Amino acid sequence: MIELKGVADLLRAWALVAPGLRDRAELVVAGEDRQTGGRYVETMRRLAGELGIKVRFTGFVTDMEMWQTAATVAVVPSHLEPLGLVSLEA
């Protein structure tokens, strides 16, 4: 997980969703923060707290297919995604 993946934008957008709708859904962010050793994820956790939203950060997942199958909506908020494999798989 890096800044270029647009996680902060996703969190800000999620905060704009009507609370009644947000309460019936769960925002799950999958991905590992390899570049900063976890500092970026902690920054995103703080941002979620400041925005007053609940977010589940899973870290690295080996069973992405299970997550994608369980999801009603998949969001790829990346600012730049050369291949976009996650989008194709979703």
Side-chain angles (χ1 to χ4, degrees):
M1 182 184 311
I2 57 175
E3 188 173 348
L4 192 61
K5 293 294 185 178
V7 175
D9 296 329
L10 175 61
L11 298 182
R12 289 185 185 101
W14 186 247
L16 297 175
V17 173
L21 294 174
R22 264 197 336 251
D23 294 341
R24 296 183 299 171
E26 180 180 21
L27 179 60
V28 178
V29 177
E32 185 176 16
D33 178 5
R34 294 182 187 172
Q35 287 189 348
T36 67
R39 290 189 310 275
Y40 185 70
V41 171
E42 287 308 313
T43 299
M44 293 301 97
R45 287 182 197 276
R46 279 194 305 278
L47 178 58
E50 291 167 7
L51 294 169
I53 58 173
K54 294 185 288 185
V55 182
R56 183 194 312 190
F57 291 92
T58 66
F60 179 77
V61 294
T62 57
D63 55 349
M64 183 55 80
E65 184 177 342
M66 185 276 302
W67 286 98
Q68 289 172 330
T69 301
T72 302
V73 176
V75 179
V76 182
S78 296
H79 298 170
L80 176 67
E81 195 70 45
L83 177 58
L85 188 57
V86 172
S87 299
L88 294 173
E89 290 174 343

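Excluded from the calculations below are hydrogen atoms, water molecules and symmetry mates; all remaining heavy atoms, backbone and side chain alike, are included. For clarity, every value in this text was computed on a predicted model and none was experimentally measured.
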Those residues at least two apart in sequence (or on a different chain) that pass salt bridge (charged side-chain N to carboxylate O under 4.0 Å, His left out) with R24 are none
Hits for salt bridge (charged side-chain N to carboxylate O under 4.0 Å, His left out) against R45, two or more places apart or cross-chain, chain-then-number order -> E42
All heavy atoms of L11 vs all of A48, minimum pair found to be CD1-N, 4.3 Å
Nearest heavy-atom contact between W67 and V28 is CZ3-CG1, 3.7 Å
Output for pair (L16 CG, L21 CG), nearest 0.5 Å, gives 12.5 Å
Are V55 and V73 joined in one hydrophobic group, where the rule is that I, L, V, M, F, W and Y side chains link up if heavy atoms are under 4.5 Å apart? yes
Residue set satisfying side chain to side chain contact (heavy atoms under 4.5 Å, CB included) with T43, at least two apart, ordered chain then number -> R46
R56 meets the side chain to side chain donor-acceptor pair (under 3.5 Å) criterion, sequence neighbours left out, with E26
By side chain to side chain contact (heavy atoms under 4.5 Å, CB included), D23 pairs with (sequence neighbours left out) none
What one should report as the nearest heavy-atom pair of P77 and L10 is CG-CB, 4.0 Å
CZ (F57) and CG (L27) are apart, to the nearest 0.5 Å, by 7.5 Å
Within-4.5 Å side-chain heavy-atom neighbours: M44 and V29: no
Contacts of R12 meeting side chain to side chain contact (heavy atoms under 4.5 Å, CB included) (sequence neighbours excluded), chain-then-number -> A8, D9, L47, L51
